[in-house]
Amino acid sequence: MNLKFARTVFCCICLLCSIGKYGYAQKISPFKDKDRVVFLGNSITDGGHYHSFIWLYYSTRFPNMDLLIQNAGIGGDRVIEMVKRLDGDVFSKKPTVLITTFGMNDSGYFEYNGSDAENFADSKVKESFEAFQQMEERYKSLKHTKIVLLGSTPYDEGAQIEGNTAFKNKNKAMLRIVDFQRKSAEANNWEFFDYNEPITAINRRNQQTDPGFTISGNDRIHPDNDGHMVMAYLFLKAQGFVGNKVSEISIDSENKKVVTASNCSISNLKGVSKGIQFDYLANSLPYPLDTVARGWGSKKSQYDATKVVPFVEEMNQELLIVNGLSGQNKLIIDGEIIGNWSAQDFANGINLATLTNTPQYQQALRIMHLNEERWELERRFRDYAWIQYNFFQPRGMLDANNRQAIELLDEHAPNDGWLRAKRDLYSKAMFPEVRQVWQDQINAFQVAIKKISKPVKRHVSIIPVN
C-alpha cells in the first residue's frame, strides 16, 4: 500500500467517525417520482452547485424518475428577505418539497471583531428568530409540501487565509440559529439536517496537517465546487444512499454462470476465445465527477471532493467481479478496449464507475454537461430575481419591467457595483419573451437529460491478453 493511498484510506475512516453521528442521526426522505423540489437559500444556494449535483445523482441513479429541482437562492438574503419573496419566488414554483437554509447573512459580519461582539450576536440571533417565526407560520399553511430545514454551512474561523482575518465567534452565533431551526423541525414534524457541524469537522481535521485547508472557500463563507460536492454527498448520505450501487456483477467464468446481478440484468453469457462475453443492461449510470472548476471565481472542481469524502466508495460503485480467470485479461465494452487487469484484479472487483472511457460513463458525461448548461441558464433567472426582490420590491416596483424601472436602475447603478454587474442581464430579462425562451431552453435541456439518461444494453467481452 503506497503512502498516498494509505493517507486517503485513513482520512475516509476519520471522516466516517467524525460525521457519522450527523449523517445517520438526521434523515431526509429520498425524493419521490413527480416531486418538485425547491432549494431556498442565500448566495450559497443562489450561485452554488450542491442542488445541481444532487439532481445529477438522481438523473443518473434513477433515470426513470420524473423529478424537478429548482434553485430559489438569492445572494445576500436573510430570513426576512426570504419571507418577502415566498409568494412570488418560492410558493409560485409549487414545491412538493421545500428545502430552506439560512444563517450566514442573518448572523452578521464585521461587528464580531468589534468591542460589543456578544451583544451584537445576541441581537442578530434574535432578529433572525423573529423573522423565522413569520416564515414558520407561512410554512405551517403548506398542507401538501414537505418541509426540510438545513442548518447553514459554517463560517470557517479556523483556516489560516492570508489577508483574511476571521470574524471571531461568528460561527457560534450561526450554531444558535441552527439550534432554533432544529427545534422548529422537531415541533412541526419537519425534516432537518445540519451542514454546519459535519463540515466544521472536516475543516478541523484537515487543518491539522494543512492550516490553510477549508471547505468553506477562501472568504470562509462560499464553498467552491469541491465544497458543494461535499454538501451533495452529506445530503445524499442523510437520504440513506450509502451502499446504493450503480450495479454489481459477479460472474463465475469457469462455469459460465452469473452469481450476482444487482440493479442490472446479464444475458447471453458464453465462452469465447478462452474468455467470456455477455450483454449487460444496468438500471443506472455511473455518477460523472467533473474535473473542471465551474462557476464565477471557482478554483476547485467537483472531483476534488473525493479527496475528503468517500463518495466513490459509498455511492458510486459499478462493480464487475469475475472469478476463474488467469493471467492478464482485456476488458472490452461495445468494441472499445477499456483496459487490462490481472485475474486477481477481476476477482477483487473493478469499479467501472471510476473508468471514464467506458461507454456508460461517456453517456453519463453527456448528462453532466447538459445539467451544467441547465444550471447556467437557471442562474440568469436567479440574477433577475435578485434585482426584482433586492432592488425593485423595496421601491414598490416589483415586476414593473418597464422603461421607468430601467431608468430607476440606471439612476442607482453608478453607486452600486452589484446593480452595474446585473444591468445588462436585466435589460434583456425585463422582456417576457426573453425569459420564456430561456425557460424553453431549460425545459429542452431537461427533456434531453431524461432521454439520454436511459441506460443502454452493453456488450462486454473479457479475453486473455496474448
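If you're wondering where the values come from, they're calculated on a predicted model, not measured in any experiment.
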Within the distance-only criterion (no hydrogens, no angle test), does the side chain of [X] pair as donor or acceptor with the backbone N or O of [Y] below 3.5 angstrom?
X: R78; Y: N105; answer: no
X: R36; Y: K93; answer: yes
X: K300; Y: I215; answer: no
X: S128; Y: K124; answer: no
X: K140; Y: E136; answer: no
X: Y139; Y: T145; answer: no
X: Y195; Y: M231; answer: yes
X: D416; Y: L419; answer: yes
X: N351; Y: N316; answer: yes
X: R374; Y: I442; answer: no

Would you mind reporting whether [Y] and [X] have side-chain heavy atoms less than 4.5 Å apart?
X: F241; Y: P30; value: yes
X: P154; Y: S216; value: yes
X: R85; Y: L40; value: yes
X: L142; Y: I147; value: yes
X: E248; Y: Q317; value: no
X: V246; Y: L285; value: no
X: K245; Y: S262; value: no
X: L236; Y: I54; value: yes

Does one side chain, of [X] or [Y], offer a donor that lies under 3.5 Å from an acceptor on the other?
X: E372; Y: S52; result: no
X: N225; Y: R294; result: no
X: S92; Y: D87; result: no
X: N171; Y: N196; result: yes

ask   = Is K84 positioned over the aromatic face of Y389, cation under 6.0 angstrom from the ring centre and no more than 45 degrees off axis?
value =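 Not satisfied by the 6.0 Å and 45° rule.
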request  = Would you verify whether the NZ or CZ of K422 falls within 45 degrees of the ring axis of W386 while also being under 6.0 Å from that six-membered ring's centre?
outcome  =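 Positive - K422 is close enough to the ring of W386 and near enough to its axis.
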Do [X] and [Y] have their ring centres less than 6.0 Å from each other?
X: Y155; Y: Y109; value: no
X: Y57; Y: F31; value: no
X: F235; Y: F193; value: no
X: H412; Y: F391; value: yes

query = Can you name the one residue among H51, H228, H49 that meets ring-ring contact (aromatic ring centres under 6.0 Å, His included) with F39?
reply =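 Of all the options given, the one that passes is H51.
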ask   = ring-ring contact (aromatic ring centres under 6.0 Å, His included) with Y287: which of Y361, W55, F311?
value =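 Among Y361, W55, F311, the one meeting ring-ring contact (aromatic ring centres under 6.0 Å, His included) with Y287 is F311.
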message = Are there over 12 heavy-atom neighbours, none belonging to Q362, within less than 6.0 Å of that residue's CD?
response =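 Result for CD/Q362: enclosed.
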[X] with [Y]: basic N within carboxylate O range, under 4.0 Å:
X: K34; Y: D66; result: yes
X: R382; Y: D89; result: yes
X: K299; Y: D224; result: no

task = Determine the interplanar angle of the F392 and Y426 rings, folded into 0 to 90°, and report it as parallel if under 30°, tilted if 30 to 60°, perpendicular if over 60°.
result =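 If you compare the ring of F392 with that of Y426, the planes turn out tilted.
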key: Parallel, tilted or perpendicular: rings of F132 and F180 (30°, 60°)   =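 Answer is tilted, since the angle falls between 30° and 60°.
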query = At their closest point, which heavy atom of N402 faces which heavy atom of M397, and how far apart are they?
reply =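 Nearest heavy atoms, N402 then M397: OD1-CE, 4.1 Å.
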message = Checking F53 against Y58 for the ring-ring contact (aromatic ring centres under 6.0 Å, His included) test, could you report, in this order, the C-alpha distance in whole Å, the side-chain angles of both residues, the deciding distance, and whether it holds?
response = CA-CA 9 Å; F53 293 160; Y58 273 87; over 10 Å; no
